[in-house]
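In this text, all values refer to a predicted model and were calculated from it rather than measured experimentally.
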Amino acid sequence: TMRKLIFVLLLVVFAVSIFVAEEIKIGVVLPMTGGISAFGQMTWEGISLAHKMYPTVLGKEVKLILFDNRSEKTEAANAVARAIDKEHVVAIIGEVASSHSLAGGPIAEKNHIPMVSPASTNPMVTQGKRYVSRVCFIDPFQGAAAAVFAFKNLGAKTVAVFTDIEQDYSVGLSKFFVDKFKKLGGKVVSLYYRTGDQDFTAQLTIALSKNPDAIYVTGYYPEIALLSRQARQLGFKGYLLAGDGAEAPELFSIGGDAVDGLFLTTHYHPKGAATSMAKKFYDAFVKEYGKDPSALAALGFDAYLLIIDAIKRAGSADPEAIAKAIRETENFEAVTGVITIEKETGNPIKDVVVDKANAKEKKFDFAAIVSAQELK
């Protein structure tokens, strides 16, 4: 009977190891708490909906493991390391803030684990990397699109550009806007602030003395909202512009009426979405959450879909095979558009959406599309 017992135990161990292998683990690294937690929560809504709709691949269950980096760079790096060392994930979805992806990306790269960022738009995130890719457009596209929109659609000739010097995202976005806007024949006044600043009066006073047609703020929603309020209080009557860092419900709770009419470049709007997957996503999202999806939810959904599609095409859950398949993605029908990943860069080529903030209804209305062709 002892031999019988050992045999049964071996069977149990064998069964457990088979069961474990039947799972495909994907790590998710997001800022679920802290300064930009709204970004993490919106992205997670999209990822978890995608997982609910497509829970298996290659006949195996997909298991998502969520890590909160508390909106901190060092925590982002730690989370990527934990996902790989402790949980042995085959791929990672993350991060949203560019500085967080720049902290975590090199760790994924070193360990040869594919990482797909839903929303980090700074070019450096994927630069020189083989395992880090993204489903969002990059800031040269976004900055140029804002410049084209400001100059051509709004007729702005002088723009005051406010840059958050603590955020890689903001510094890059400002640079690409300024380059394009000047090329088009516009004039720029450059001003600076830091994450967490509450008072922008000094910079705004300088800016308004130059009589700008528009103010462009390239940071994140807490400061964009406060800066917009103070600009209006000081009598600024021109256009307010921002990047996708403005897109959070908090823009309205912090900014109030001041942010009404603010234009922002973004990745997705239900009214500007053209693919069949976009329709499927929209209906499922409204049914699940009882509200319209954000661009970050759409990008989170796309990041999950892209990884699942890559696993399917690779016919394997081996990280090397997944990474290779991600870079071979062509004409993939996603929610935020048709995605082709550039093999060398890991960046997609896609159009840029412009939204307009509607403070009365606390929502973002569709304004325009700037096509990838116009940005070349």
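Summarising the local packing, CE of Met124 is surrounded by 12 or fewer heavy atoms from other residues, nucleotides or ligands at distances under 6.0 Å. For Arg130, the CZ atom is loosely surrounded, since the number of other residues' heavy atoms within 6.0 Å does not exceed 12. Enclosure of atom CG in Asp257 is not indicated, since only 12 or fewer non-hydrogen atoms of other residues, nucleotides or ligands lie within 6.0 angstrom. In Lys363, the NZ atom is crowded: over 12 heavy atoms of neighbouring residues, nucleotides or ligands sit closer than 6.0 Å. For NZ of Lys356, the number of neighbouring non-hydrogen atoms (other residues, nucleotides, ligands) closer than 6.0 Å is 12 at most.
Side-chain contact between Phe252 and Asp260: absent, with no pair of heavy atoms (C-beta onward) separated by less than 4.5 Å. Counting heavy atoms from C-beta on, the side chains of Ile339 and Val135 come closer than 4.5 Å.
Tested against Tyr193, the residues Asp164, Asp199, Thr163 include a single side chain to side chain contact (heavy atoms under 4.5 Å, CB included) partner, Asp164. Checking Val259, Ile224, Leu226 one by one against Ile254, the side chain to side chain contact (heavy atoms under 4.5 Å, CB included) holds for a single residue, Leu226.
A cation-pi arrangement is present between Lys157 and Phe151 under the rule of less than 6.0 angstrom and at most 45 degrees off the ring axis.
Evaluation of the side-chain contact (heavy atoms from CB on, under 4.5 Å) rule for Lys291 yields Glu45, Phe285, Tyr289 as partners, not counting sequence neighbours.
Of the charged side-chain nitrogens involved, at least one lies within less than 4.0 Å of a carboxylate oxygen, so that Lys25 and Glu87 count as a salt-bridged pair. The pair Glu288-Lys52 meets the salt-bridge criterion, since a charged nitrogen lies less than 4.0 angstrom from a carboxylate oxygen. Contact check on Asp283 versus Lys279 returns a salt bridge, with a Lys/Arg side-chain nitrogen under 4.0 Å from an Asp/Glu carboxylate oxygen. Using a 4.0 Å cut-off between a side-chain N of Lys or Arg and a carboxylate O of Asp or Glu, Glu328 and Lys324 qualify as a salt bridge. Here Lys175 pairs with Asp179 in a salt bridge; the nearest charged N to carboxylate O distance falls below 4.0 Å.
Taking the ring centroids of Tyr221 and Phe39, they lie under the 6.0 Å cut-off. When ring centroids are compared, Phe162 and Tyr192 stay outside the 6.0 Å threshold. Aromatic pair Phe137/His267: ring centres closer than 6.0 Å.
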* To do: Give the C-alpha distance, both sets of side-chain angles, the deciding distance and a yes or no for side-chain contact (heavy atoms from CB on, under 4.5 Å) between Leu66 and Leu30.
  => CA-CA 8 Å; Leu66 176 62; Leu30 293 172; 4.1 Å; yes
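Atom CG of Leu241 and atom OH of Tyr216 lie 7.5 Å apart (nearest 0.5 Å). Taking OG1 of Thr266 as the start and CZ of Phe366 as the end, the distance is 11.0 Å to the nearest 0.5 Å. The distance from atom CZ of Phe236 to atom CG of Asn211, rounded to the nearest 0.5 Å, is 9.0 Å. With rounding to the nearest 0.5 Å, the separation of CD1 in Ile165 from CG in Asp197 is 8.5 Å. To the nearest 0.5 angstrom, Glu250 atom CD is 6.5 Å from Ser37 atom OG. To the nearest 0.5 Å, atom SG of residue Cys136 and atom CG of residue Asp302 are 10.5 Å apart.
The hydrophobic clustering, which links ILVMFWY residues whose side-chain heavy atoms are closer than 4.5 Å, places Leu173 and Tyr239 together. By the criterion of side-chain heavy atoms lying less than 4.5 angstrom apart, applied directly or through intervening Ile, Leu, Val, Met, Phe, Trp or Tyr residues, Leu264 is not grouped with Ile369; the two fall into different hydrophobic clusters.
A side-chain N or O of Lys350 and one of Thr336 form a donor-acceptor pair less than 3.5 Å apart. Between the side chains of Glu61 and Thr56, no donor-acceptor pair is found at a separation under 3.5 Å.
Counting only distance, with no hydrogens or angles, the side chain of Ser117 and the backbone of Ser120 share a donor-acceptor pair below 3.5 Å. Although no hydrogens or angles enter the test, the distance criterion places no donor-acceptor pair under 3.5 Å between the side chain of Thr340 and the main chain of Glu330.
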